[in-house]
Amino acid sequence: MLEVARELIGKTLVHETPAGRTSGLIVEVEAYIGESDPACHAAPGRTKRNAPLYGPPGIAYVYLNYGMHYLVNAVTEPIDSPAAVLIRALEPFEGIELMRRRRARGTGKRAASFERNGLCRGPGNLTKSLAIDLAQNGLDLTGRELFIEDAPASMTEAFPIAWSTRIGINVGKEQVWRAFVPGNPCVSGKSSLNGNGRSAAGDHLTSPA
DNA sequence: CGTTCGATGCACT
DNA sequence: GTGCATCGAACGT
């Protein structure tokens, strides 16, 4: 499972829409594993909302939280083993101008005022830039609309990976189940290891316990 | 630098 | 009615 999270780092998440194609390199993820993980949506058992977690792996689990942000996960385990990787940040790759227009929508701001590195920094931001909402819930991530694929050869350098505790939760804080590319300016949250002054004491470069 | 707080909608008890 | 796997603006050091 944590291996899947690690493998997703450095792949691309792509969304094809009538408006165009947007994609980015996955630089930050978190694992949510099973009903025994209090922060996982499967913790209360099977419900209508979390049903995709109990389905086959390779499926997108999308939901709305805080009433205003859609979050996208990749289901990772076999049927009846609820677990998923939350995609938290991307380095924008294709469709950057389209991302800017989507981010500006509804705000009074100009699309041009959005910096590239911030377009997909944070799970709520990346779904807005890629136009991911409940319509994509349950899609096959190996399909043609919303999918994960290997990065182009020109980008397949080895990515350094750091692990930390998960962000934005109140339970299950002990697990070191957040993986990110240290130093990458598109990573959300704080990290002394990402080289831009956003730091957190718990970060470390070794593998999780 | 840091922390607090409002916006906002839906699933769940 | 309560509580979020958030974001960013508005404050206080």
Side-chain angles (χ1 to χ4, degrees), chain A residues 1-2 4-5 8-9 13 26-54 59-77 82-90 92 99-100 102-111 113-138 163-180 185-192 194-203 208:
Chain A
M1 172 66 206
L2 296 177
V4 176
L8 285 177
I9 299 283
L13 177 67
I26 299 171
V27 294
E28 181 187 358
V29 300
E30 285 176 358
Y32 289 85
I33 310 174
E35 295 180 350
S36 60
D37 174 3
C40 180
H41 277 191
R46 189 189 299 251
T47 66
K48 184 178 176 184
R49 180 175 66 158
N50 66 26
L53 293 175
Y54 290 81
I59 297 298
Y61 169 48
V62 184
Y63 76 97
L64 177 68
N65 97 135
Y66 294 105
M68 59 194 85
H69 300 294
Y70 294 99
L71 273 58
V72 61
N73 301 249
V75 177
T76 59
E77 300 293 299
V85 171
L86 169 68
I87 300 176
R88 288 193 56 92
L90 307 175
M99 292 183 188
R100 286 197 170 102
R102 286 167 171 164
R103 285 294 302 279
R105 191 178 302 161
T107 75
K109 299 176 184 172
R110 304 189 334 273
S113 70
F114 287 85
E115 286 187 59
R116 188 195 87 117
N117 288 345
L119 287 171
C120 299
R121 183 190 291 139
N125 287 336
L126 80 89
T127 54
K128 184 161 188 186
S129 286
L130 268 62
I132 294 170
D133 60 23
L134 292 182
Q136 281 73 48
N137 190 27
W163 294 84
S164 77
T165 53
R166 295 174 292 185
I167 291 178
I169 56 176
N170 297 303
V171 288
K173 289 177 174 170
E174 331 75 52
Q175 278 82 359
V176 182
W177 287 351
R178 168 176 175 256
F180 61 99
C186 303
V187 170
S188 75
K190 317 166 191 174
S191 173
S192 58
N194 69 10
N196 60 16
R198 290 175 291 122
S199 71
D203 299 347

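Labels below follow one simple rule: chain letters A, B, ... track the order of the sequence lines, proteins then strands, and each chain is numbered from 1.
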Shortest non-hydrogen contact between A:C120 and A:P92, atoms and distance: SG-CG, 4.2 Å

Taking every heavy atom of A:G118 against every heavy atom of A:N125, the minimum-distance pair comes out as O-ND2, 4.3 Å

On DNA chain C, does the nearest nucleotide to A:Y32 precede the nearest nucleotide to A:R103 from the 5' side, or the other way round? Give the residue. A:Y32

Base, sugar-phosphate, or nothing for [X], non-hydrogen atoms under 4.0 angstrom?
{"X": "A:N125", "value": "sugar-phosphate"}
{"X": "A:K128", "value": "nothing"}
{"X": "A:L86", "value": "base"}

[atom1]/[X] to [atom2]/[Y] distance, rounded to the nearest 0.5 angstrom?
{"X": "A:R102", "Y": "A:S129", "atom1": "CZ", "atom2": "OG", "result": "8.0 Å"}
{"X": "A:Y63", "Y": "A:L134", "atom1": "OH", "atom2": "CG", "result": "11.5 Å"}
{"X": "A:K109", "Y": "A:R103", "atom1": "NZ", "atom2": "CZ", "result": "8.0 Å"}

With stacking defined as ring centroids separated by under 5.5 Å and planes differing by under 30°, is A:Y66 stacked against B:dG9? no

Interatomic distance where [atom1] belongs to [X] and [atom2] belongs to [N] [whole Å]:
{"X": "A:R46", "N": "B:dC12", "atom1": "CZ", "atom2": "C1'", "result": "17 Å"}
{"X": "A:L71", "N": "C:dG3", "atom1": "CG", "atom2": "C1'", "result": "15 Å"}
{"X": "A:D133", "N": "B:dC10", "atom1": "CG", "atom2": "P", "result": "12 Å"}
{"X": "A:L53", "N": "B:dC12", "atom1": "CG", "atom2": "P", "result": "11 Å"}
{"X": "A:I167", "N": "C:dC7", "atom1": "CD1", "atom2": "P", "result": "9 Å"}
{"X": "A:Y70", "N": "C:dC7", "atom1": "OH", "atom2": "P", "result": "15 Å"}
{"X": "A:R49", "N": "C:dT2", "atom1": "CZ", "atom2": "C1'", "result": "13 Å"}
{"X": "A:I87", "N": "C:dT6", "atom1": "CD1", "atom2": "C1'", "result": "17 Å"}

Checking contacts here: which listed nucleotide ([options]) is nearest the side-chain heavy atoms of [X]?
{"X": "A:L64", "options": "B:dC12, B:dC10, C:dA5", "value": "B:dC10"}
{"X": "A:H41", "options": "C:dA5, C:dG8, B:dT8", "value": "C:dA5"}
{"X": "A:P123", "options": "B:dA11, C:dA9, C:dC7", "value": "C:dC7"}

Given that A:H69 and A:N50 both sit by DNA chain B, which one's nearest nucleotide is further toward the 5' end? A:H69

Counting only Watson-Crick pairs (N1-N3 plus N6-O4 or O6-N4) and G-U wobbles (N1-O2, O6-N3), all under 3.5 Å, who is the partner of C:dA5? none

Can you tell me the Watson-Crick or wobble partner of B:dT8, both distances under 3.5 angstrom? none

OP1, OP2 of [N] versus side-chain N and O of [X]: anything below 4.0 Å?
{"X": "A:K109", "N": "C:dA9", "answer": "yes"}
{"X": "A:R121", "N": "C:dG8", "answer": "no"}
{"X": "A:N65", "N": "C:dG3", "answer": "no"}

We want to know whether A:Q175 and A:Y32 form a side-chain donor-acceptor pair, criterion being a heavy-atom distance below 3.5 angstrom. no

Taking atom P in both C:dA5 and B:dT13, compute the distance separating them and give it to the nearest angstrom. 14 Å

